[in-house]
Participant: 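Here you go, one structure.
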Amino acid sequence: MIRVYNTLTKTKEPFEPVHPPKVGIYLCGPTVYKPSHIGHMVGPVIFDCIKRYLAYSGYDVTLVVNVTDVDDKLISESSARNIPMAELANEMTADYMRNIEALGVDAIDHFPLCTAHMGDIIELVGRLVERGYAYVSGGDVYFDVTKTGDYGKLSHRPADALMGEGGGMAERKRNAADFALWKSAKPGEPSWPSPWGPGRPGWHIECSAMSRALLGDTFDIHGGGLDLVFPHHENEIAQSENATGKPYAKYWMHNGLMQASDELGKVGGRQTRAREGDLTSQEAGKISKSKGSSAFREMLERFSGETIRFFLLSTHYRRPIDFSEGRVEEVETGLETFYRFFKRFQRVTGESFYSLPAATRRADGDFDPGADPLLEHVADLRNRFLADMDDDFNTGGGIGALFDLVRALNKYVDEEGLENPGRQTPDKLASLRQGATTLRELGLTLGLFRSPVDEKAAGAGGELVGKLLDLFVAVRAEARQKKDFATADHIRNGLAELGVTLEDRPGGTDWTIG
RNA sequence: GGCGCCGUAGCCAAGUGGCUAAGGCAGCGGAUUGCAAAUCCGCCAUCGUCGGUUCGAAUCCGACCGGCGCCUCCA
C-alpha cells in the first residue's frame with residue numbers, strides 16, 4: 001500500500017487512483033524566461049522518480065509537465081533583450097530540456113506549451129464566464145472568488161486573508177482576491193484573439209486547461225513546489241472545479257524548496273520583508289527566480305547529472321534542501337561506493353552490472369531467497385526499501401537501504417573470496433548476481449544506475465593518458481616483482497599527486513583518475 | 001500582523017508512541033595489504049530547552065529559544 005501526503009488534507013492518505021491502473025500526474029513546469037537553476041530541477045527529478053516507482057508498482061502512469069511560454073515575465077525579458085517572445089521561449093525551453101535530460105529525467109510523457117493550447121484556455125475561461133464564476137472588466141476576465149464556497153481549501157487560509165494581484169489590475173476587480181483569467185493586451189504585446197478582445201492567459205488558467213486537455217477533468221496527482229500552493233494551485237482548483245463541476249486533482253503533492261547555497265546556486269531570499277537587522281535571513285533564503293541564480297548548466301560542468309540526482313533524492317522530497325557544492329561533493333563520495341562495486345562485480349563475474357536484467361515490475365521481482373543467507377539479507381533490504389518508498393516516496397530512507405545492500409554484497413565477495421577465480425562456484429556467483437540484480441532493480445526505480453557514468457579520464461587526450469598509465473603500471477609491476485618497493489611507491493605516490501589512484505589487487509593493478 | 005514548516009552525532013540525514021535511534025560524509029581502532037588504495041569489522045547521538053500526557057515519547061500536548069517558508073513573481 002502506497003501512501004502519499006496530500007496538501008489538501010494535510011495527512012498521508014492511501015494512494016487509490018481515480019481510474020486504476022491508470023494514474024495521471026500533472027507537475028507545474030517552468031516559465032521559460034531565464035535559464036534553469038538547481039531549484040527548478042527538484043520537481044522534475046522527484047516526479048520522474050515518483051512516476052518510475054508507481055510504474056514499477058504496477059500502475060500505468062501518464063506524467064505531464066507544462067511549459068509556460070507566455071507570461072508577463074517573458075514579455076518583459078524578451079523586450080529587454082529585444083527579441084521576440086517566442087524566440088526567448090524556445091531558447092529557454094531548450095535549456096530546460098538539456099538540464100532535465102542530464103539528470104536522467106525522461107519519464108515525462110507530455111510537455112504541453114501554453115501557446116499551443118490557446119483554444120482550450122479560451123474555452124475554459126468562457127465556461128467560467130457563462131457559469132457566472134468570472135466577469136469581464138475592461139477587456140480582462142477575472143475569477144470572482146466570492147462565488148465559490150471553498151476558496152482557500154488547499155492553502156488552508158481564511159478567504160479574507162487571500163489577496164490577489166494588486167497594481168493596475170486592482171481597479172478593474174470586484175474583490176481584491178479576484179485573479180485574472182485573461183489579460184487584455186497592451187499595444188505591442190503578444191496577443192491572441194478571444195471573445196473578450198486580444199490578450200493572453202492569466203497565470204493560472206493554462207495549467208487548468210492543459211491538465212484537463214491531457215488528463216481529463218479529474219486526475220490523480222498534481223505536483224509543484226511548495227511556493228505554488230498559494231495562489232497558483234489554490235486558483236487552479238477554483239477555476240477547474242467551477243468550470244467542470246467535478247473534483248480537480250485528488251492528491252496535491254508539494255516538494256520542499258531549495259534553500260541557501262553558494263557559488264553554484266546563488267540565493268534569492270526575502271527582500272521586501274526582511275526585518276531590521278535580519279541579514280542572515282537574506283543570506284539563507286530560498287533560491288528565487290527574482291534574484292540572480294547561477295545557471296544549472298554550470299553545475300553540470302562540475303558534477304554528473306547522476307550525482308546531482310542522487311543528491312536531490314538523498315533527502316525526503318518535502319524537506320527543504322540546503323544546497324552547497326560541499327554537500328554535493330559528499331554525496332558524490334558516497335555514490336562512488338556504488339560505482340566501485342559495479343566495477344568489482346564486473347571483475348568477478350565478467351558481466352556488466354548495467355546489463356543485468358532487473359525486474360521492471362515489483363511483483364516480478366519477488367524471489368525466494370531459499371536458504372541462502374545472502375539472499376535472505378537481500379530480501380530484507382529490498383523489503384525495507386519498498387516500505388520506505390511506499391511511505392510517501394521516502395527516497396532518503398530507501399537510499400540508506402541501498403547502501404546496506406552494497407555493503408552486504410561487498411562483504412559476500414570478501415568472505416567468499418570471489419575475487420579469486422579459484423574460489424568461485426556457480427552457486428556463489430549466482431547468488432551474487434541475484435543480489436546485484438536486486439540492487440539494480442531498486443536503483444532503477446529511483447532513476448539511478450541506469451548506464452555507466454563517463455569516466456573523468458575520457459575527453460581530450462584520454463586515450464593517450466590511458467596508455468601512459470598502463471605503461472606506468474606495467475613498469476611498477478616489474479619493480480614490485482623485484483621487491484623494488486621504493487620505485488613502486490615512487491610511481492604510485494607520483495601518480496597520486498596527479499590525481500591518479502592505483503589499487504593493487506591479486507589480479508593486477510587498476511588505476512582511476514579523480 | 002495572519003498562516004505554516006523545521007531543530008536527531010563534527011556535517012548531511014531516515015525514523016513521528018514501544019526491540020540495541022537507519023544510512024552517508026568526516027574521524028578513530030582493527031582485519032586485509034610489501035606499504036597503500038579499495039573492501040570488511042568495530043567505535044562515535046538519548047533526539048533544541050523546560051513542563052505535561054502515557055505503563056512507555058525523538059515521536060502526542062503546551063510554553064519558550066533558535067532557523068526558515070508563504071501571505072508579492074517564484075519550482
Side-chain angles (χ1 to χ4, degrees), chain A residues 10 27-31 33 36-44 46-47 65 71-73 152 155-158 160-167 203 223-232 254-260 268-273 280-281 284-291 310-311 314-316 318-322 324 326-327 329-337 340-341 343-344 384 388 391 394-404 406-415 419 480 483-486 488-489 492-493 496 501-506 509-512:
Chain A
K10 299 164 98 170
L27 171 67
C28 281
T31 298
Y33 73 107
S36 328
H37 64 244
I38 177 74
H40 295 125
M41 298 296 118
V42 178
I46 295 301
F47 280 87
V65 177
D71 167 276
D72 292 1
K73 293 186 293 293
S155 50
H156 305 287
R157 298 166 203 231
D160 57 11
L162 303 175
M163 298 289 287
E165 300 137 296
W203 174 32
L226 207 49
D227 53 347
L228 295 182
V229 175
F230 184 85
H232 186 56
H254 291 99
N255 59 267
L257 303 178
M258 185 70 65
Q259 313 262 104
R270 57 171 68 192
Q271 297 292 306
T272 54
R273 296 186 182 224
T280 51
S281 74
K286 72 168 182 173
I287 295 178
S288 163
K289 273 185 179 174
S290 55
K291 269 287 267 188
F310 194 72
F311 167 72
S314 63
T315 182
H316 187 89
R318 278 192 281 122
R319 190 183 176 107
I321 308 176
D322 283 345
S324 80
R327 289 194 186 142
E329 282 167 5
E330 281 178 14
V331 306
E332 182 175 49
T333 303
L335 183 57
E336 282 162 0
T337 299
R340 273 186 230 105
F341 171 74
K343 287 186 183 173
R344 191 178 201 195
R384 205 177 97 202
D388 278 331
D391 183 11
N394 184 357
T395 54
I399 284 176
L402 258 29
F403 272 105
D404 281 343
V406 248
R407 185 188 303 120
L409 297 175
N410 268 321
K411 186 174 183 177
Y412 189 72
V413 174
D414 279 359
E415 291 183 344
E419 295 251 29
R480 292 179 71 212
K483 306 271 186 210
D484 178 8
F485 296 120
D489 291 349
R492 187 178 60 204
N493 295 337
T501 307
L502 297 188
E503 299 182 23
D504 296 327
R505 293 201 184 76
T509 298
D510 281 353
W511 53 262
T512 48

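Residue numbering restarts at 1 for every chain, and letters A, B, ... go by the order of the sequence lines.
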Participant: If I pick the C1' atom on B:U72 and the same atom on B:U54, what distance separates them, to the nearest angstrom?
Facilitator: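 Going atom to atom, C1' in each nucleotide, I get 46 Å.
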
Participant: Restricting both atoms to N or O, compile the protein contacts to nucleotides 27-31 of chain B shorter than 3.5 Å, with distance only.
Facilitator:
none

Participant: If the C1' atom of B:G18 is compared with that of B:G23, how far apart are they to the nearest Å?
Facilitator: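 Each nucleotide's C1' atom is 23 Å from the other's.
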
Participant: What is the pairing partner of B:C44, taking Watson-Crick or G-U wobble pairs with both distances under 3.5 Å in any strand?
Facilitator: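 When the pairing criteria are applied, nothing turns out to pair with B:C44, so the answer is none.
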
Participant: Please give, in whole Å, the distance from B:C40 P to A:Phe341 CZ?
Facilitator: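 That distance rounds to 10 Å.
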
Participant: If the condition is side-chain contact (heavy atoms from CB on, under 4.5 Å), which residues does A:Asp510 pass it with, not counting sequence neighbours?
Facilitator: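 Partners of A:Asp510 under the side-chain contact (heavy atoms from CB on, under 4.5 Å) test: A:Arg347, A:Arg505.
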
Participant: Identify the pairs formed between an N or O of the protein and an N or O of nucleotides 3-13 of chain B at a distance under 3.5 Å, and give each distance.
Facilitator:
| unit_1 | atom_1 | unit_2 | atom_2 | d |
| --- | --- | --- | --- | --- |
| B:A13 | O3' | A:Thr315 | OG1 | 3.2 |

Participant: What residues, two or more places apart in sequence or in another chain, satisfy side-chain contact (heavy atoms from CB on, under 4.5 Å) together with A:Leu226?
Facilitator: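 A:Leu226 satisfies side-chain contact (heavy atoms from CB on, under 4.5 Å) with A:Val229, A:His254, A:Leu257 only.
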
Participant: Taking the C1' atom in each of B:A9 and B:C43, what is the distance between them to the nearest angstrom?
Facilitator: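 The answer is 13 Å between these two C1' atoms.
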
Participant: Send over the distance from A:Leu402 CG to B:A14 C1', rounded to a whole Å.
Facilitator: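 Computing the A:Leu402:CG to B:A14:C1' distance gives 14 Å.
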
Participant: Using whole Å, what does the distance between atom P of nucleotide B:U32 and atom CD of A:Glu419 come to?
Facilitator: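 My rounded result for the distance is 17 Å.
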
Participant: Between B:G67 and B:U8, how far is it from one C1' atom to the other, in whole Å?
Facilitator: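 That atom pair is separated by 15 Å.
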
Participant: I want to confirm an ordering. Mapping A:Arg407 and A:Asn255 to their closest nucleotides on RNA chain B, which one lands closer to the 5' end?
Facilitator: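 On the 5' side of the pair lies A:Arg407.
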
Participant: Using the test side-chain hydrogen bond (donor to acceptor under 3.5 Å, both in side chains), find all partners of A:Asn493 that sit at least two apart in sequence or belong to another chain.
Facilitator: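 Not a single residue meets the side-chain hydrogen bond (donor to acceptor under 3.5 Å, both in side chains) criterion with A:Asn493.
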
Participant: Going by the rule salt bridge (Lys or Arg N to Asp or Glu O under 4.0 Å), which residues pair with A:Asp414 if we only count those two or more places apart in sequence or in a different chain?
Facilitator: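 Result, salt bridge (Lys or Arg N to Asp or Glu O under 4.0 Å) vs A:Asp414: A:Arg344.
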
Participant: Atom CG of A:Asp404 to atom P of B:C40: distance rounded to whole Å?
Facilitator: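 These atoms are roughly 11 Å apart.
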
Participant: Would you check if A:Phe403 stacks with the base of B:G24, given a 5.5 Å centroid limit and a 30° plane limit, both strict?
Facilitator: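 Check failed, A:Phe403 does not stack on base of B:G24.
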
Participant: Determine the minimum heavy-atom distance between A:Phe310 and A:Ile399, stating which atoms define it.
Facilitator: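 Minimum heavy-atom separation between A:Phe310 and A:Ile399: CZ-CG2, 3.7 Å.
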
Participant: Between A:Leu228 and A:Cys28, which heavy-atom pair has the shortest distance, and what is it?
Facilitator: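 For A:Leu228 versus A:Cys28, the nearest heavy atoms are CD1-CB, 3.7 Å.
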
Participant: Would you mind telling me which residue lines up with the more 5' stretch of RNA chain B, A:Ala401 or A:Asp391, judged by nearest nucleotide?
Facilitator: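 The answer here is A:Asp391.
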
Participant: Between A:Gly43 and A:Asn255, which heavy-atom pair has the shortest distance, and what is it?
Facilitator: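 Where A:Gly43 meets A:Asn255 most closely, the heavy atoms are CA-OD1, 3.8 Å.
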
Participant: With a 3.5 Å limit on both atom pairs, tell me what B:A21 is paired to, counting Watson-Crick and G-U wobble, or say none.
Facilitator: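 Its partner: none found.
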
Participant: Given B:A22, B:C40, B:C70, which nucleotide is nearest the side-chain atoms of A:Asp227?
Facilitator: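 Comparing B:A22, B:C40, B:C70 against the side chain of A:Asp227, the answer is B:C70.
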
Participant: Which base sits across from B:C3 as a Watson-Crick or G-U pair, both distances under 3.5 Å?
Facilitator: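 Its partner is B:G69.
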
Participant: In this structure, how many angstroms lie between the C1' atom of B:U16 and the CG atom of A:Asn394, rounded?
Facilitator: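 A:Asn394 atom CG is separated from B:U16 atom C1' by 12 Å.
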
Participant: What residues form a side-chain contact (heavy atoms from CB on, under 4.5 Å) with A:Asp404, not counting sequence neighbours?
Facilitator: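 Once residues adjacent in sequence are excluded, the partners of A:Asp404 under the side-chain contact (heavy atoms from CB on, under 4.5 Å) criterion are A:Leu381, A:Arg384, A:Arg407.
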
Participant: Going by ring pair (Phe, Tyr, Trp, His ring centres under 6.0 Å), name the residues that satisfy it together with A:Phe485, two or more places apart in sequence or in a different chain.
Facilitator: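 A:Phe485: no ring pair (Phe, Tyr, Trp, His ring centres under 6.0 Å) contacts found.
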
Participant: Roughly, in whole Å, what's the span from CZ in A:Arg384 to P in B:G15?
Facilitator: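 In whole Å, B:G15 P lies 12 Å from A:Arg384 CZ.
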
Participant: For B:C71 versus B:C11, give the span between their P atoms, rounded off to a whole number of Å.
Facilitator: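 Nearest-Å result for B:C71 against B:C11 at atom P: 31 Å.
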
Participant: Report the residues that fulfil ring pair (Phe, Tyr, Trp, His ring centres under 6.0 Å) with A:Phe311, sequence neighbours left out, ordered by chain and then residue number.
Facilitator: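 Once residues adjacent in sequence are excluded, the partners of A:Phe311 under the ring pair (Phe, Tyr, Trp, His ring centres under 6.0 Å) criterion are A:Phe323.
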
Participant: Main chain of A:Thr315, side chain of A:Thr395: is a donor-acceptor contact present, judged purely on distance under 3.5 Å?
Facilitator: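 At least one qualifying donor-acceptor pair exists.
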
Participant: Could I get a table of every N or O pair under 3.5 Å where one atom is in the protein and the other is in nucleotides 36-38 of chain B?
Facilitator:
| unit_1 | atom_1 | unit_2 | atom_2 | d |
| --- | --- | --- | --- | --- |
| B:A36 | N6 | A:Asp504 | O | 3.0 |
| B:A36 | N1 | A:Asp504 | N | 2.8 |
| B:A36 | N3 | A:Arg492 | NH1 | 3.0 |
| B:A38 | O3' | A:Arg340 | NH1 | 3.3 |

Participant: Given that both distances must come in under 3.5 Å, which nucleotide forms a Watson-Crick or G-U wobble pair with B:U33?
Facilitator: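 Looking at the geometry, B:U33 pairs with no nucleotide.
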
Participant: Kindly write out the residues that satisfy side-chain contact (heavy atoms from CB on, under 4.5 Å) with A:Arg318, not counting sequence neighbours, or none if the list is empty.
Facilitator: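 With neighbours one apart ignored, the set is A:Tyr5, A:Lys12, A:His316, A:Asp392.
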
Participant: Check whether any side-chain N or O of A:Lys411 sits under 4.0 Å from OP1 or OP2 of B:U39, and answer yes or no.
Facilitator: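 For B:U39, OP1/OP2 do not have a side-chain N/O of A:Lys411 under 4.0 Å.
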
Participant: May I have the distance from A:Asp484 (atom CG) to B:C35 (atom P), rounded to whole angstrom?
Facilitator: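 Rounding to the nearest Å, CG of A:Asp484 and P of B:C35 are 16 Å apart.
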
Participant: Can you tell me how far P in B:A26 sits from the matching atom in B:A21, rounded to whole Å?
Facilitator: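 Taking atom P in both B:A26 and B:A21, they lie 25 Å apart.
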
Participant: With C1' as the reference atom in both, quote the distance from B:U32 to B:A37 in angstrom, rounded to an integer.
Facilitator: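 B:U32 and B:A37 have their C1' atoms separated by 12 Å.
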
Participant: For A:Thr509, which residues count as a side-chain hydrogen bond (donor to acceptor under 3.5 Å, both in side chains) partner, sequence neighbours excluded?
Facilitator: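 A:Thr509 satisfies side-chain hydrogen bond (donor to acceptor under 3.5 Å, both in side chains) with A:Asp504 only.
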
Participant: Do A:Asp489 and B:G34 share a donor-acceptor pair, side chain to base, under 3.5 Å?
Facilitator: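 Indeed, a donor on one side and an acceptor on the other fall under 3.5 Å apart.
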
Participant: Can you identify which nucleotide, out of B:G69, B:A26, B:A22, has its nearest atom closest to the A:Thr333 side chain?
Facilitator: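 Closest of the options to the side chain of A:Thr333: B:A26.
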
Participant: Can any side-chain N or O of A:Arg327 pair as donor or acceptor with the backbone N or O of A:Asp322 at less than 3.5 Å?
Facilitator: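 Indeed, once roles are kept as given, a pair shorter than 3.5 Å links the two residues.
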
Participant: Is any side-chain nitrogen or oxygen of A:Asn410 closer than 4.0 Å to OP1 or OP2 of B:C40?
Facilitator: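 Yes, because at least one side-chain N or O of A:Asn410 sits under 4.0 Å from OP1 or OP2 of B:C40.
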
Participant: Which whole number of Å gives the distance between the P atom of B:G48 and that of B:G66?
Facilitator: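 Looking at atom P only, B:G48 and B:G66 are 16 Å apart.
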
